[in-house]
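As structure tokens, the structure follows; a few thoughts come after it.
Order of the sequence lines sets the chain letters (A, B, ...), proteins ahead of strands, with each chain counted from 1.
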Amino acid sequence: MEYNFRDIEKKWQEQWRRSNAYKVNNDSPKPKYYVLDMFPYPSGAGLHVGHPLGYIASDIYSRYKRLKGFNVLHPMGYDAFGLPAEQYAIDHGIHPAVSTANNITNFRSQLDKIGFCFDWDREVNTSKPEYYKWTQWIFLQLFGSFYNRQTNKAESIQTLIAAFEKDGNTAHPCPGNASLQFTDYEWTSFDEKRRTDILMDYRLAYCGIGEVNWCEALGTVLANDEVVNGVSERGGYPVIKKKLRQWYLRITEYADRLLEGLEKVEFSEAMKEMQGNWIGKSSGAEIDFNVKSEKSKVKNLRVYTTRPDTIFGVDFMVVAPELDIVEDMKSAGQAAAVDEYLAYVKSRSERERMAEKKITGVFTGAYALNPFDGREIPIWISEYVLAGYGTGAIMAVPCGDERDHKFAKHFNIPITNIIGKYYDGVEANPTKDAILENSGFLNDLVMRNAIEVVIDKIEQAGIGKRKVNYKMRDAAFSRQRYWGEPFPIKWINGIAYALDESELPLQLPEVDSYKPGPEGEGPLANIPSWIHKKVKLANKEFTSKAESSQVSSFGGDLGEVGALETNTMPGYAGSSWYFLRYMDPHNDKAFCDRKVSDYWGQVDIYIGGTEHAVGHLLYSRMWTKALYDLGYIGHDEPFKKLVNQGMILGSSRRIGQIVPIDTQLSGTRVDVAKRQFRPMFISLSYYQKLLDKRITPEEVFKSIYQKNGLVFDITDNELGFYGFDLYNPRVRVEDVDGIELNIESFKTWRPELKEAIFLKEEDNKFLCEIEVEKMSKSKFNTINPDDLVIKYGADTFRMYEMFLGPVEMSKPWDTKGIEGVHRFLKKLWRLFYDEIKGKVWTEEKATDAELKVLHSTIKKIESDTERFSFNTAVSAFMIAVNELTDIKCHKREILEPLLVLLTPYAPHISEELYAQLRQVSPSGGDVEGALVLDAHYPKLEEKYLIESTKEYPISINGKLRTTMNISLDAAQPEVEKIVLENEIVQKWLEGKQPKKIIFVKGKMVNVVI
RNA sequence: GCCCUGGUGGUGGAAUUGGUAGACACGCAGGACUUAAAAUCCUGUCUGCAGCAAUGCGGGUAACGGUUCAACUCCGUUCCGGGGCACCA
């Protein structure tokens, strides 16, 4: 009987399906364990070998935990809303729901082949109404809540209204508008519009005005990655910033808790650092400087600084060009220069500002006065200061800040040195260790200590205060697109009203066209029946005529009748809470029953790529915290531990091509000087020679063309005039064997090139260049897992993906090594079945040597699996099988536990051999162990591993010279004696006495001479 | 520019706390079985020198320097690759 993996895998996959082997219950006496993968966006390109890497890792871990006696939740689903499906719909007229469903079918069949233990009863799909009903519902909770800074948690907006009615907003400063203040009396006197506007500035989900990338020519809003170098990716049309109504999540209110929460979770330090940097908490002070300007309209300038200790080193101020006060500060003499600069800034895209990093700016003609020594400080404007951060103005200290320093040098502004020898006149030094000089009352203080001294003084003088700032901004939460969750919001007279819960799910309407709406609105704005849809509103926070207007007839004043929101939610809406839905996926009464979420609690281990380091992970953490605050779940961090899988890189192949300059590359012929020639490709060594400039492309083209007996009727003059260039297009990896291009196969892919000339190596081979880069369909370097599963089986594929290297690291894919893993499984099979003899396992009692192999393997596999070191675990299996083969061990006592160990890695072969073992001799064993996936994990018996002696490495002066077998009980004096008697040690000693002998018990001996 | 990563044979990688560098595979070379191929098995495989050989000596973990009895591992400087970024005061 041979290892027939195709039949075995098919048989067990069916068996598992029939017996619902992977169905997970929400109640179990076993301890729970939740293993989660970042769910995929079901793209049309299907899976390549990079995708399953994380899924295999999590599958191994899930199966391992199951063997260890846990009730393991390991679900899978689809993040199914998104731009590509919408773009596909625009291009092909296929409804996104249809193309998405097709893609999902394809994904599913690919996933199924690999033998995952997902509980597919729990599949979620963010684009299904049953799912997005609850995304909308959670949005309504966020809309109906504010962040109470007194209690430090989200609370109902009703609480806030009650507080306003009692005390105005004195206890609750407005997060959206810091200067807003009103009394209880004023509050009650406001009309409904005013009151709802104020509440909007408190809500956790709110609507405001924001800038988007607007492309006039395409008539649509573009995502950042659809904008390249200031123009649209498609078509290359200009893109400008346009102000539009946008929804936001007030994630900034959670900044501190998101930061603190990082201490409670097991994320990598790099990941925590990235999130910490994104949140960007900094503390410092806001300081008001008096201003002296011609118009004297502007009395003072407020800046934010983290280094108030450097206040005596301020040599100039810089204000963001976008700030309105710029107009009022410019002097008559500088007006022209300022206006010119403002015009220049406006002309520059954000991209250009970021990419070029030019030093630009202009003096306003106004001065600020240093509050402590009255020094006049020129006020400049420059694009390096951002309007959106801090106060939009800075105090510039060139000796301590690199950008300020460059600016001062560029514009010849004199630099004050307040840090003595720490400043060398060439580069700024941001130290906090210097002792201050030229700093008035701060002289002789260490900078680090001076910070508090200055802030106290500033607060006493009433010219500023302590201030904490965050880099993080509120998260934009709306998109002007079709394929996303509609907002359950109706606008009436400019007021946003929540829909009643009975209206959920508010389903996407069918549309004829996915084209954008007018004025940057989404496609939904094109549908009158959507805008005017009759809906029931939630109980109003205030009684108003809105109640009556919703029942009024259609037509007439839209303001009165109201309009449904036409924006949709962004991709991350559905993914911010899907881990909760998996727990209770079919619940139509709640997003997840509280009892169920209390049972499953946090995701114990979350596996996915680093690309979601800030976006998805921060949003999920915020939603979890908000749901926790509002009492819907019992934990406030969604993910207990995070493992980041590395990327599997593709190995692309490029060939050389000689092309005429400025010609289209497609087509069967290339044109030069109005004459047509065949395309010409050159092998690697020729390509190298050309690169080394030893020959020109023209020469090669001409000589090869003639060598092929073809007419080349261009004079050298013409040739020099038109010229040829070198190009290196990618070819499909499947048309290449190693680095040798299969030209026939290549031509079936590009039939238009059937007459092309291929300049080969001397051995008649055509070689390609290798480039390691991201695996992608557009780079022709994808490897489809299906092909590998067909050829080698799922078990081989799973183990090989793990064998490639550490899960966390990026590594290039190379299919060649898969043979080694396949050989391993065949070798394992031969421990059970011999080709000639058939069944070879026995019921004989195992020897100590055999038990030692087994138990050292248990130890290694268990610890490697626990720490996600799957590559070394695979090699430990290989070592075990090699050793058992060498000592001809075919005993059930050894092989049965070995199969259990292997189950998480290679479930099919383990299941098959386990069944064989039990069927032929169903003697002992545990009762529930019908399937190996429910067997008990073998218990490590240390007693089989105990050694009495060790082969100690003996070093002389740190260099290994020999090894000696010494008892592990031996203590230093005894060891010294034995070692010094050794012949080789004697030789090195040359009769001398050693200076010292280092002995580390169980490790090594080092003789120092 | 800033932040995070990584750099070990021809290749992927191993070395878990500073303690025998190169496990386990791939590839390659040679051999066995076979009419042949596939499959399987065996041997060798970081590198220089010496030796018929076992083996011995030297070099070697991007480069240079340091700490240590001992460094792939810790510290410093430099170089190169990969990823992220919102010029955040």
Side-chain angles (χ1 to χ4, degrees), chain A residues 2 224 268-274 276-278 280 282 284 303-307 310 318 350 353-359 382-386 388-397 400-404 406 430 469-473 609-611 613-614 644 646-647 649 738 772-774 800 803-806 808-821 823-824 826-827 830 835 860 863-864 867 869 871-879 882 885 951-963 984 994-1000 1002-1009:
Chain A
E2 63 175 34
N224 272 334
S268 69
E269 286 310 310
M271 177 65 55
K272 287 183 182 181
E273 209 166 312
M274 264 192 261
N277 288 345
W278 184 269
S282 70
V303 302
Y304 172 72
T305 179
T306 54
R307 296 298 302 275
T310 61
V318 188
E350 194 140 323
R353 269 168 83 161
M354 270 160 58
E356 290 180 24
K357 316 227 180 241
K358 282 196 291 196
I359 299 170
S382 173
E383 54 185 341
Y384 84 87
V385 169
L386 305 177
Y389 182 77
T391 60
I394 62 157
M395 52 179 234
V397 183
D401 183 282
E402 195 49 50
R403 286 156 306 167
D404 297 349
K406 285 200 175 120
N469 255 325
Y470 300 93
K471 284 191 229 170
M472 185 168 65
R473 296 173 205 159
T610 24
E611 65 272 24
V614 282
N644 289 114
M647 212 189 302
L649 302 169
V772 173
E773 56 188 346
K774 204 171 158 168
Y800 183 57
F803 191 58
L804 273 182
E808 304 90 343
M809 269 185 10
S810 292
K811 57 245 159 192
W813 178 268
D814 181 4
T815 302
K816 281 211 170 117
I818 200 168
E819 298 277 359
V821 174
R823 268 175 219 151
F824 154 74
K826 283 196 281 196
K827 197 163 176 179
R830 286 198 301 271
E835 271 176 60
K860 179 78 176 147
S863 78
D864 282 356
R867 64 192 178 97
S869 181
N871 56 327
T872 52
V874 174
S875 98
F877 280 122
M878 290 174 171
I879 292 168
N882 287 348
T885 304
E951 187 80 6
Y952 274 97
I954 313 294
S955 301
I956 314 283
N957 286 339
K959 271 192 182 300
L960 180 77
R961 293 302 175 188
T962 186
T963 59
I984 294 166
K995 277 191 196 137
K996 195 163 31 162
I997 296 176
I998 314 271
F999 169 64
V1000 182
K1003 290 276 187 196
M1004 45 64 69
V1005 180
N1006 188 14
V1007 181
V1008 186
I1009 299 174

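Residue A/Lys826 contributes atom NZ, which lies 10 Å from atom C1' of B/A38 at whole-angstrom precision. Between the CZ atom of A/Arg307 and the P atom of B/A89 there is a distance of 12 Å, given to the nearest Å. With rounding to whole Å, A/Lys827 atom NZ is found 9 Å from B/C41 atom C1'. Residue A/Asn277 contributes atom CG, which lies 11 Å from atom P of B/U5 at whole-angstrom precision. Atom P of nucleotide B/C2 and atom CE of A/Met274 are separated by 18 Å, given to the nearest angstrom. Separating the CD1 atom of A/Ile1009 from the P atom of B/C69 is a distance of 16 Å, rounded to the nearest angstrom. Atom CZ in A/Arg823 sits about 12 Å away from atom P in B/C42, given to the nearest Å. Here the P atom of nucleotide B/G13 and the CH2 atom of A/Trp813 are 13 Å apart, to the nearest Å.
Comparing A/Ser282 and A/Glu819 against RNA chain B, the residue whose closest nucleotide sits nearer the 5' end is A/Glu819. Each of A/Ile998 and A/Lys816 has a nearest nucleotide on RNA chain B; the 5'-most of these lies closest to A/Lys816.
Close to B/A25, at under 4.0 Å from its OP1 or OP2, lies a side-chain N or O of A/Asn882. For B/G19, neither phosphate oxygen OP1 nor OP2 lies less than 4.0 angstrom from any side-chain nitrogen or oxygen of A/Asn1006.
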Handout entry: B/S/- contact track for nucleotides 53-60 of chain B, protein heavy atom under 4.0 Å
Key = ----SSS-
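The base of B/C2 has none of its N or O atoms less than 3.5 Å from a complementary donor or acceptor on the side chain of A/Arg403.
For the residue pair A/Gly390 and A/Tyr304, the shortest heavy atom distance occurs at CA-CB, 4.2 Å.
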Practice task
Evaluate the side-chain contact (heavy atoms from CB on, under 4.5 Å) criterion for residues A/Val1000 and A/Tyr952: first the C-alpha distance (whole Å), next the side-chain angles of each, then the deciding distance (0.1 Å), finally the verdict.
Solution key: CA-CA 10 Å; A/Val1000 182; A/Tyr952 274 97; over 6 Å; no
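The separation of B/C72 from B/A63, taken at their P atoms, amounts to 11 Å, rounded to a whole angstrom.
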